[in-house]
Structures are given as structure tokens and as C-alpha cells.
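A short write-up of the structure that comes next.
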Amino acid sequence: MCYFKLFNKIVVTDKEKNVQFYGSMVYITQLIYIKEGQEELFYEFENVVLPLLWKYKGQLLLRLRPTSSTFVANSIEPPFEIHLVAFETEEGLEGYSQDETRKSYLHLKEQSVRSVVLIKGTQVP
């Protein structure tokens, strides 16, 4: 996989998956809080929905499971996981959100996730 800037636009190439992104990408950061004891349901949900990202020209850039030792400072409860996802376009994000397979597994998310803080943005040059 290769990332580089070209005229203030992101270019992402992945020869293995034969995907190439050009343009100002849409970034989604999620701070995910899990209900106690529901981790396995959450993993089951992720195992189905994360592979769907490529179908909509999206990509999981980071998936972190922070520990107390990784925080320098915080004024909020540490999340169970942090995801950084990028989509080539808003339409890709919308398509992913409306994907029928993803929607059919939302019950697992509803059962396992207590809350999500979602931050949406674009890259600033």
C-alpha cells in the first residue's frame, strides 16, 4: 500500500486489492465504548462489516485498543477501541452506511456497543 500527496490531494494505492483513491478523502474517527462482557459480539460485528469498507472505496487506517499506559492525558473515559476510517467520497461513506449486509448485522452492534463518539473530517494541508 502506498500513500502520497499530489497537489494537496491524497492518493492511496493498493496493488493487492487493485484499489486506487484520488481526491480529498472523508475521515471518520470513532471512539467506541463496549458494554461489559459483550466484546465477543462486538468482534463478530467487526469481522463482518470491516471487510465491506473496500466495496465502498473505504479503508480502515487505524484500529487501536488503548491501554491505560498509552494515555499521556485524558479528561474522558478511555474507549475500548479507536477506529480511523477513510472514504474516497461522501457517497462511499453513505453506501457503506446503507449496505444491506452491514445493516443485517447491526443487532450485534446494538447489543455490544454502549456508545460511540464519531468525529468526521477531512485532511488539512
Side-chain angles (χ1 to χ4, degrees):
M1 186 156 322
C2 177
Y3 300 87
F4 57 94
K5 274 181 98 170
L6 179 67
F7 305 112
N8 289 325
K9 302 291 182 186
I10 300 284
V11 178
V12 180
T13 62
D14 187 329
K15 291 180 182 177
E16 183 178 304
K17 293 193 165 91
N18 198 25
V19 174
Q20 199 165 33
F21 302 156
Y22 295 95
S24 298
M25 297 178 72
V26 178
Y27 292 91
I28 302 294
T29 303
Q30 292 184 333
L31 308 179
I32 304 167
Y33 297 90
I34 301 297
K35 295 176 184 174
E36 190 172 331
Q38 299 301 310
E39 294 84 0
E40 291 303 317
L41 282 177
F42 179 66
Y43 299 146
E44 189 178 337
F45 174 72
E46 286 191 322
N47 288 338
V48 172
V49 302
L50 292 178
L52 298 172
L53 290 167
W54 287 99
K55 183 177 176 182
Y56 300 97
K57 297 186 179 180
Q59 180 180 20
L60 179 63
L61 301 176
L62 293 172
R63 180 180 174 195
L64 305 171
R65 200 165 295 140
T67 62
S68 58
S69 66
T70 60
F71 287 88
V72 176
N74 61 296
S75 61
I76 63 171
E77 176 188 2
F80 177 75
E81 278 193 3
I82 301 170
H83 293 183
L84 176 59
V85 177
F87 287 90
E88 181 180 356
T89 64
E90 286 281 343
E91 293 79 17
L93 172 58
E94 181 62 25
Y96 174 74
S97 297
Q98 298 302 316
D99 182 90
E100 291 302 321
T101 300
R102 182 182 171 279
K103 288 166 91 175
S104 72
Y105 282 86
L106 282 177
H107 67 281
L108 296 175
K109 180 180 178 186
E110 293 164 0
Q111 291 174 23
S112 62
V113 174
R114 179 170 41 101
S115 66
V116 174
V117 174
L118 187 137
I119 305 159
K120 183 177 175 184
T122 58
Q123 181 176 5
V124 177

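Position 1 is the first residue of the sequence; numbering continues from there.
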Say you draw a straight line from [atom1] of [X] to [atom2] of [Y]; how long is it, rounded to the nearest 0.5 Å?
X: Tyr27; Y: Thr122; atom1: OH; atom2: OG1; result: 8.5 Å
X: Gln30; Y: Leu62; atom1: CD; atom2: CG; result: 13.0 Å
X: Leu106; Y: Lys103; atom1: CG; atom2: NZ; result: 8.5 Å
X: Met25; Y: Phe87; atom1: CE; atom2: CZ; result: 9.0 Å
X: Tyr43; Y: Leu108; atom1: OH; atom2: CG; result: 14.0 Å
X: Leu53; Y: Ile28; atom1: CG; atom2: CD1; result: 11.0 Å

Next on the checklist: According to side-chain hydrogen bond (donor to acceptor under 3.5 Å, both in side chains), does anything in residues 105-114 pair up with another residue at least two apart or in another chain? List the pairs.
Outcome noted: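 Pairs touching residues 105-114 that pass the test: Glu77-Arg114.
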Checklist entry - Honestly curious: do Leu60 and Leu118 fall in one hydrophobic cluster under the side-chain, below-4.5 Å linking rule? => result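 In one cluster: yes.
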Checklist entry - Do Phe71 and Leu64 share a hydrophobic cluster, counting only Ile, Leu, Val, Met, Phe, Trp and Tyr and linking them when any side-chain heavy atoms are less than 4.5 Å apart? => result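 Cluster IDs for Phe71 and Leu64 differ.
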Looking only at heavy atoms, which two atoms of [X] and [Y] are closest? And how far apart?
X: Tyr96; Y: Leu50; result: OH-N, 4.4 Å
X: Thr67; Y: Thr70; result: O-OG1, 2.6 Å
X: Pro79; Y: Pro66; result: O-CG, 3.6 Å

Checklist entry - Mind checking what makes salt bridge (charged side-chain N to carboxylate O under 4.0 Å, His left out) contact with Glu40, not counting sequence neighbours? => result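 Testing Glu40 for salt bridge (charged side-chain N to carboxylate O under 4.0 Å, His left out), a comparison that skips the adjacent residues, returns none.
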Next on the checklist: Can you tell me if Glu36 has over 12 outside heavy atoms packed within less than 6.0 Å of its CD?
Outcome noted: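 Count not over threshold, so no.
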Item to check | Under 3.5 Å donor-acceptor, Arg102 side chain and Ser97 backbone | outcome: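 Pair found, side chain donor or acceptor close to backbone of Ser97.
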Item to check | Verdict with supporting geometry, Leu41 and Lys35, side chain to side chain contact (heavy atoms under 4.5 Å, CB included) | outcome: CA-CA 10 Å; Leu41 282 177; Lys35 295 176 184 174; over 6 Å; no
Item to check | Note, Thr89 side chain near Lys57 side chain (heavy atom, < 4.5 Å) | outcome: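 Not touching, per the 4.5 Å side-chain cut-off.
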Next on the checklist: Quick one, Phe42 and Ile32 - any side-chain contact, counting heavy atoms below 4.5 Å?
Outcome noted: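 Touching, per the 4.5 Å side-chain cut-off.
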Next on the checklist: As a quick check of understanding, evaluate side chain to side chain contact (heavy atoms under 4.5 Å, CB included) for Val113 and Ile34, giving each step before the final call.
Outcome noted: CA-CA 4 Å; Val113 174; Ile34 301 297; 4.1 Å; yes
